[in-house]
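Quick notes on the structure that follows.
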Amino acid sequence: MLLDATTLHHYARGAAILGAGGGGSTGVGLLAALQAVEELGPVEVVPVTEVPDDGLIMPVAGLGSPDVTLEKIGNPRMGVWLREMIERETGLRAHAMMPGEIGGGNALMPVVWAAHAGLPLVDADGMGRAFPEMQMISMHLAGIPATPTVLIDERGQGMVFRDMDAHWLERAARAVAVAFGGFVTTADHVVTGAQARTSTVLGSVSRAVRIGEIVSGSRSDRVSSILEHLDGHALVTGKISDVDRRTTDGFVRGSVLIDGVREDKGRLVRVEIQNENLVVLEEGRMLASVPDIITVLDTQTSDVVFTELLRYGQRVTLVALPAPDIWCTPRGLEVVGPRAFGYDFDYEPVGSILAGLPGAPARSAPAEAGR
Amino acid sequence: MSAARNRRADLRIGIDVGGTNTDAVVLDASDRPVAKTKVATTPDINTGIRRALAAVLADPRVGAARVGHVMIGTTHATNALLERRELRRVAALRIGAPASTSVRPIFGWPEDLRRAVSADAAVVAGGLELDGGDSVAFDADAVARFCAEVGDRAEAIAISSVFAPVSPRHEFLALDVVRRELGDIPVSLSHQVGSLGLLERENTTILNAALGRVAVQVVQAIEDALKVHDLGHAVPYFAQNDGTLMSLESTERTPVLTIGSGPANSLRGAAFLTGEANALVADVGGTSTDIGALSLTFPRESAFGVEIGGVATNFRMPDLVSIAIGGGTVVARDGDGAVSVGPRSVGYRLGERALVFGGEVATLSDAAVAAGRARMGHQDVPASAHPLLAEAIGESDRRITDAIDRIKVTRGDLPLIAVGGGSVLIPDGLPGVTEVIRPEHFDVANAIGAAIGTVSGHVDRIVSIGRTEGERARVIEEARKDAVGNAVGAGADPGAVEIVEIDEIPLSYLREPAVRLRVKAAGPLSKV
């Protein structure tokens, strides 16, 4: 598959939906990717099965503040510098890049970097969605070391992290991002082709493209076609009646209240946020939680409303899509389940919550459990 | 002669140039309407303005010598962009390498607008960090080279630097180089027209530079029209998109800010005519209805940037929901017997084509007459049309109700002010609305909104708020003072300026807590 001007539009739309509100808006990323393929030709997307066992794959992502990326829209050379630094550090030749996460703008910038570094992208990612922290990546789950990790700013200034676990990497990299002006790009949890086959979320790029195609192709009811194709659930249709957003420790945290309209009139649903949409609560009852993909769609346009763009009065439809399988194990839930974000309750798939299946975990006042 | 020193200058004229009509109103010193008129907007616009001026000046209670100020809201700039005419060729200079090179200036614009506007573009080294420090050194030599390259084909320069809203100093450094190399070529600086968001602010700056010629022409036309009507002594102002006024000099410098002044004027006029500070406003015209909200008598602004002529911008416009419901909206029954309402409209030909005027076309005005909401025309609605019209007015009410619900940001009900020539369509009661207020002079609310004569001052900056409450209070107080100072500088009465909006947005990933502060102060024109 090739990412060209046409497929990139679909890819951006699909990535926005898979982003769970995070990963940054796809607007600038899409423009940058369109310019990159216009100048350098389409970017090839190769299945993980076609990467040689010892072929080096660089998972790449942007790390930093959405406020900073409003102004610093990035330097495509960052892809070249990332490649040079990883090759110098590992002594290996890079075979391909891979989006670290398939959600939001972070799915688009790897296309730019790969185009400029002269590398293909592999059809996989490390999350199957977007998550806020570096250890929340499928390679970490599979026991792949987080380092060597390289980090580059837009001036080409780099840092190499060695012998560090994913949790310490998260702390150190975020501090460096702040020191460099609020935004950097990283290549972390590098894998070989053989490792990637068992440690990544396979088929993510083509999946995002397909989702975009389906949404673009359906004229009438885009929300329904999204839900149908992705086995998702509509949680509530309503109007945002309160947005509480604050910044702590480098994350945007907060919650949004959705006041039901039409068939949902009288319902009041709360979404809790840490960069991404984490949990959905109604009358103290959990409706959905990470790692299920909780996405806010504009009721009229079906466009994704990113976390930083939520505002009073918007008409929205809240949907939840099933989590990528890789996270639905006890070990996966330890890393990205509700408890990993400070909630005092266990994950239950949105489908089974809504079906009200017997044997569901206790739902004792989780509304008070958030941090 | 300054009008302010003219003791007899106790009248103000407000003019609103709309798509269909040009309205004018004369207010006296106590803000009472003395005369008003509604004439057809002419293709050249100026003729309509002169006719409107002539009409109100013909009123015996209005003497030209008593007119101190003339306020104009016009669609010149909007039309020039939409029609791609009279635009200057702009060289776009971004000061943002290496941090902001992934998308070049003007990339992604509609092809015809790019061809009409773009003389060339470059990204040179410079720009700031979020905390206001230099990202890299500003490259004056690169700016000089750019000037040499574009000097013979650019008619204006648009300069945008990374984090200019935090500090514009690299834009001023670039301006110095441009002045040295290219003399007095018109220059637009991004911090004067837009807020955070480099690409959108840059687009706004380029459009602003492109509109320079239109601005000069419209300013000239107004000055000429005033002279022709013996109003050469009156001080003219232009309405801008936040519902306040700017001087002719500001209009020439930032014409892009006049886009959106139409709806802003209607909202301001509705607030003034009713004394309501927080309410919803429906402005019903011939083809469409704009529904907006008042927040402390000013238009609530959209949280997002808007697209103008197919280009993403980020300057703030009144938050509006527009629906294709107006007095001239055509209603019909389709093949399946279902009633269709709009979007087609007979527009300004309502007076000949609607049923009550003896025409053949069923319109929402006919439906309003049939429902007993309005009296107009010279003919009864045929009995056979009643079922269709009853269904149509029901559908119109549903769409207006839905639009009202979409514009509301709080759960409670609010009053709805109905203005505009087509506002008879609006019923006396609607769900979500405490009452429907129909002020006197509702038909020229937009011209009155222009005439009220409010000027404003803004502050939009990123500030560190430290870790203590005292520091936060101090920086907010400083921003308030600066906003008031800016309003007074723009001509506001120092004794009557008030803070009308404070917006505080927390920023993430910084060394210490910081917020983006937006403060707006506004007050009436100084009478001293």
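Naming: A, B, ... by sequence-line order, numbering from 1 per chain.
With a 4.5 angstrom heavy-atom cutoff, B:D405 touches chain A via backbone and side-chain atoms both. In this structure, chain B has a heavy atom under 4.5 Å from the side chain of A:R315, while its backbone stays farther away. Only the side chain of B:R201 comes within contact range of chain A, with at least one heavy atom under 4.5 Å from a heavy atom of that chain.
In terms of modelled atom types and a separation under 3.5 Å, the side chain of A:K72 and the main chain of B:P98 share no donor-acceptor contact. Judged purely by atom type and a 3.5 angstrom limit, A:E71 uses its side chain to pair as donor or acceptor with the backbone of B:F163. B:S102 contributes no side-chain N or O that, together with a main-chain N or O of A:V112, makes up a donor-acceptor pair within less than 3.5 Å. In this structure, the side chain of A:E154 does not engage the main chain of B:S100 through any donor-acceptor pair within 3.5 Å.
Counting only heavy atoms from C-beta outward, the side chains of A:K239 and B:K408 approach each other to under 4.5 Å. Counting heavy atoms from C-beta outward, A:L70 and B:L198 have side chains that stay 4.5 Å or more apart.
Distance CD/B:E129 to CZ/A:F180: 10.5 Å, rounded to 0.5 Å.
Contact between A:I73 and B:R94 at its shortest, heavy atoms only, is CD1-NH1, 3.8 Å. Here the shortest heavy-atom pairing between A:E38 and B:F107 reads OE1-CE1, 3.5 Å. Taking all atoms of both residues into account, the shortest heavy-atom contact from A:V68 to B:L130 is CG2-CD2, 3.6 Å.
A salt bridge links B:D402 and A:R262; the closest N-O separation between the charged side-chain nitrogens and carboxylate oxygens is under 4.0 Å.
Counting non-hydrogen atoms of neighbouring residues, nucleotides and ligands closer than 6.0 angstrom, the CZ atom of B:R406 exceeds 12 such neighbours.
Of the listed residues A:A175, A:G74, A:P76, A:A32, the one with more heavy-atom pairs under 4.5 angstrom with chain B than any other is A:G74. Ranked by non-hydrogen atom pairs under 4.5 Å with chain A, the options B:S135, B:G108, B:A97, B:G127 are led by B:S135. Of the listed residues (B:V136, B:L128, B:D319), the greatest number of heavy-atom pairs within a distance under 4.5 Å of chain A belongs to B:D319.
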